[in-house]
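Have a look at the structure below, then the notes.
Positions are given from 1, in the same order as the sequence printed here.
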Amino acid sequence: MRVPEIANPTTALRFVAVGLILAACALATHLPYVVASDCLDSDAAVVTLMGRHFARGDMLSAFLWGSRYMGALEAWVLVPFVWVGWGRLAGACIAALCLSAIQVICVARIVRHLRGHVVVAALLAAAPGAAVAYTQTTLYGGRLAATTCSLLALSIMYGKPTIHRTLVAGLFTGVALFADHLMIIWAVPIALAAHRSGTLKSLVASVTPWIVVERIFYMVTTGPKPGVADPWEWPRNIKLFLVDGLPMMFGIDWLAGRRIDFYPPAAGVIWVATSLATVGFAGCAFVWLARRIRTRQGAELFLVPLATAVLFVLAASDIHTTRYLAPAWPSIAILASVAAARLPALGLLGAIVAAVNMVLSVQADALHQHGAAAGQSCRAMLAETAKALTDAGVQGVWANYWDAYRLGLFMNERMPFAPFAGVDRLHAWSDAVRRAHPVGYLLGDATPPSLLQQLEQGGRGGRPIQIGSYRLYVVPDSLPER
């Protein structure tokens, strides 16, 4: 689809209208998570802490702290934002949105080369459902930035891939694979595009050094490594994909399965209607594509959602890992736009209906905290906890992993925190907590019974201080670790 000239007043008006619609839908699906940024857990806080330290030139790391995988790409992306004073979780959300905006631009560029409907692609990419919008607003280590690099590479390969441009595409692909192994889902279409243009050797030559460097860092780094679910867990993951993953990807959260830790949101008539219409449009697009795109450029993009589904089955563990599906969303937007170009008016109608469905999905998100009220509540709870810890005079705190690092970030690193269970992301803080006198134990619902028994045995922990849903035990020094 040719980008319209905007010299004509009518065309310019349409161009502005499209831009306003895109902006409104993007804000409606992403702003709720930005204003609730203080509700993010320690995984997001660790990336923000890394960006703060990287900006000062200390504690540099190739991978996410405490791991030997997931390249620290997003921490480096955050560095310029830290320099201008945005070194908090809200600043990390802004950085994530910048990456997501680049993805939308890349998707539009790719669709132009494929002669698809650019507006449809941009609308779908900019306004996804809750499961994808949340990941587009959050820095978790490397996946969002890696997906952006992959799309940059693919947009180059779908243009006029000279040797020099292919080398640049290979650079982006290599960085993406370094940051996240899941990017193999995009590396395959990029390689097929390079093969079609006769520049595959240049692409491989540019990618290979990054793979070698990643393997070297992997061997010399300590910490957990990426794992694959045991074969007997694959049937559970297949069910998780079909019952939860697919509905949540397409903004049909109300159809997801009910479980102990998740209750799908209730749906009104409008949401059900837009959801069913979205499924209908998606089904028609898939049938048309399956019949006609096999010999066209872009057919390899079918491999992205397919490979993503396979990797999800191999690696998923619970409903929160549905975020592993998010990198496939741009490919779905691109393929849908190619189908929409056949009947542009109907395709645009389908995209608008889908966007409304996605907005409703975000507004009713039951998996992630969102909205200004949630953000205010989380900030108040963090402030209350920080004040109680300061008043108690503790010099270090043991806490649940999901709370430890976000509390440390909220308190601007004035006090070291360490997890009494889970991955130790920051060894320097853990050592400082072990040396602290006195030390606090901040216990929530997920507290190991053995730890609680140690604290209460002989009254060593004293009378606990109640802080909202937490209990704070203050002890002279750290308990023996088991």
Side-chain angles (χ1 to χ4, degrees), residues 40-96 98-99 102 138-150 152 171-183 206-226 396 401 404-419 422-435:
L40 292 171
D41 58 37
S42 283
D43 273 352
V46 166
V47 178
T48 307
L49 286 167
M50 291 175 68
R52 287 160 63 112
H53 283 272
F54 286 9
R56 298 196 296 264
D58 67 322
M59 301 181 70
L60 304 181
S61 172
F63 298 123
L64 188 67
W65 279 343
S67 298
R68 56 198 300 188
Y69 67 99
M70 188 66 75
L73 186 56
E74 288 173 3
W76 287 109
V77 169
L78 187 58
V79 166
F81 293 86
V82 175
W83 286 340
V84 297
W86 289 0
R88 312 290 290 185
L89 284 171
C93 288
I94 300 301
C98 290
L99 291 173
I102 295 173
T138 311
L139 298 184
Y140 264 123
R143 186 156 298 146
L144 182 63
T147 305
T148 305
C149 287
S150 298
L152 285 167
L171 173 65
F172 282 125
T173 306
V175 171
L177 290 171
F178 180 92
D180 187 5
H181 296 161
L182 187 60
M183 290 306 108
S206 186
V207 170
T208 301
W210 287 98
I211 297 176
V212 173
V213 169
E214 191 273 340
R215 288 291 88 189
I216 292 173
F217 276 118
Y218 178 86
M219 291 186 290
V220 301
T221 306
T222 59
K225 55 185 179 180
Y401 170 81
Y405 299 112
R406 76 185 190 115
L407 278 165
L409 176 62
F410 182 82
M411 295 183 70
N412 206 28
E413 304 183 56
R414 297 194 308 270
M415 184 182 299
F417 287 77
V423 181
D424 183 358
R425 297 287 186 194
L426 195 46
H427 301 315
W429 278 15
S430 298
D431 292 339
V433 174
R434 293 186 184 98
R435 296 191 301 267

Compare all side-chain heavy atoms of Thr222 with those of Arg68 and state whether any distance is below 4.5 angstrom. no
Applying salt bridge (Lys or Arg N to Asp or Glu O under 4.0 Å), run through Arg52 and Glu413 and close with a yes or a no. CA-CA 11 Å; Arg52 287 160 63 112; Glu413 304 183 56; 3.1 Å; yes
Any side-chain heavy atom of Arg435 within less than 4.5 Å of one from Asp431? yes
Look only at the side chain of Ser42 and the backbone of Tyr401, and say whether a donor-acceptor pair between them is shorter than 3.5 Å. yes
I'd like to know if the side chain of Ser206 and the backbone of Leu171 have a donor-acceptor N/O pair within less than 3.5 Å. yes
Please assess Leu177 against Val207 for the test side-chain contact (heavy atoms from CB on, under 4.5 Å), listing each intermediate value before the final yes or no. CA-CA 9 Å; Leu177 290 171; Val207 170; 4.0 Å; yes
Is there a side-chain contact between Leu182 and Arg143, using heavy atoms and a 4.5 Å cut-off? yes
Does a sphere of radius 6.0 Å around CH2 in Trp210 hold more than 12 heavy atoms from other residues, nucleotides or ligands, not counting ones at 6.0 Å or beyond? no
Within the side chain of Arg406, is there an N or O that forms a donor-acceptor pair under 3.5 Å with the backbone of Ala44? no
State, to 0.1 Å, how close Ala146 and Ala179 come at their nearest heavy-atom pair, and which atoms those are. CB-CB, 3.9 Å
State, with a plain yes or no, whether a side-chain heavy atom of Leu73 is found less than 4.5 Å away from one of Val175. yes
Roughly how far apart are Leu152 CG and Thr173 OG1, rounded to 0.5 Å? 9.5 Å
Crowding at CH2, Trp86 (>12 non-hydrogen neighbours, <6.0 Å): no
Test side-chain contact (heavy atoms from CB on, under 4.5 Å) applied to Arg88 and Thr48, step by step: CA-CA 7 Å; Arg88 312 290 290 185; Thr48 307; 5.5 Å; no
Any side-chain donor-acceptor pair under 3.5 Å between Tyr405 and Asp43? no
Candidate list His427, Met50, Met70, test side-chain contact (heavy atoms from CB on, under 4.5 Å), partner Trp65, passing option: Met50
Heavy-atom pair of closest approach, residues Phe417 and Gly408: CD1-CA, 3.6 Å
Rounded distance (nearest 0.5 Å) linking atom CG of Leu49 with atom CG of Leu409: 4.5 Å
Donor-acceptor pair, distance only, cut-off 3.5 Å: does the side chain of Glu74 make one with the backbone of Tyr140? yes
Does some side-chain heavy atom of Leu60 sit less than 4.5 Å from a side-chain heavy atom of Phe54? yes
Establish, from distance only, whether the side-chain atoms of Arg425 and Ser67 form a donor-acceptor pair under 3.5 Å. yes
For a quick test of reading the model, state the closest non-hydrogen atom pair linking Val77 to Ala145 and the distance between them. CG2-CB, 4.4 Å
Compare every heavy atom of Val82 with every heavy atom of Gly87, then report the nearest pair and how far apart it is. CA-CG2, 4.0 Å
Here the pair of heavy atoms bringing Pro416 nearest to Val433 is O-CG2, 3.4 Å
Would the Phe178 and Phe63 ring centres measure less than 6.0 Å apart? yes
Arg215 side chain to Val212 main-chain N or O, any donor-acceptor pair under 3.5 Å? no
Search all heavy atoms of Cys93 against all heavy atoms of Leu40 and return the closest pair with its distance. SG-CD1, 4.0 Å
Could you go through the side-chain contact (heavy atoms from CB on, under 4.5 Å) check for Leu139 and Leu99 one step at a time? CA-CA 10 Å; Leu139 298 184; Leu99 291 173; 4.1 Å; yes
With rounding to the nearest 0.5 angstrom, report the CG to OG1 distance, Leu89 to Thr138. 9.5 Å
Side chain Tyr218, main chain Tyr69, donor-acceptor under 3.5 Å: no
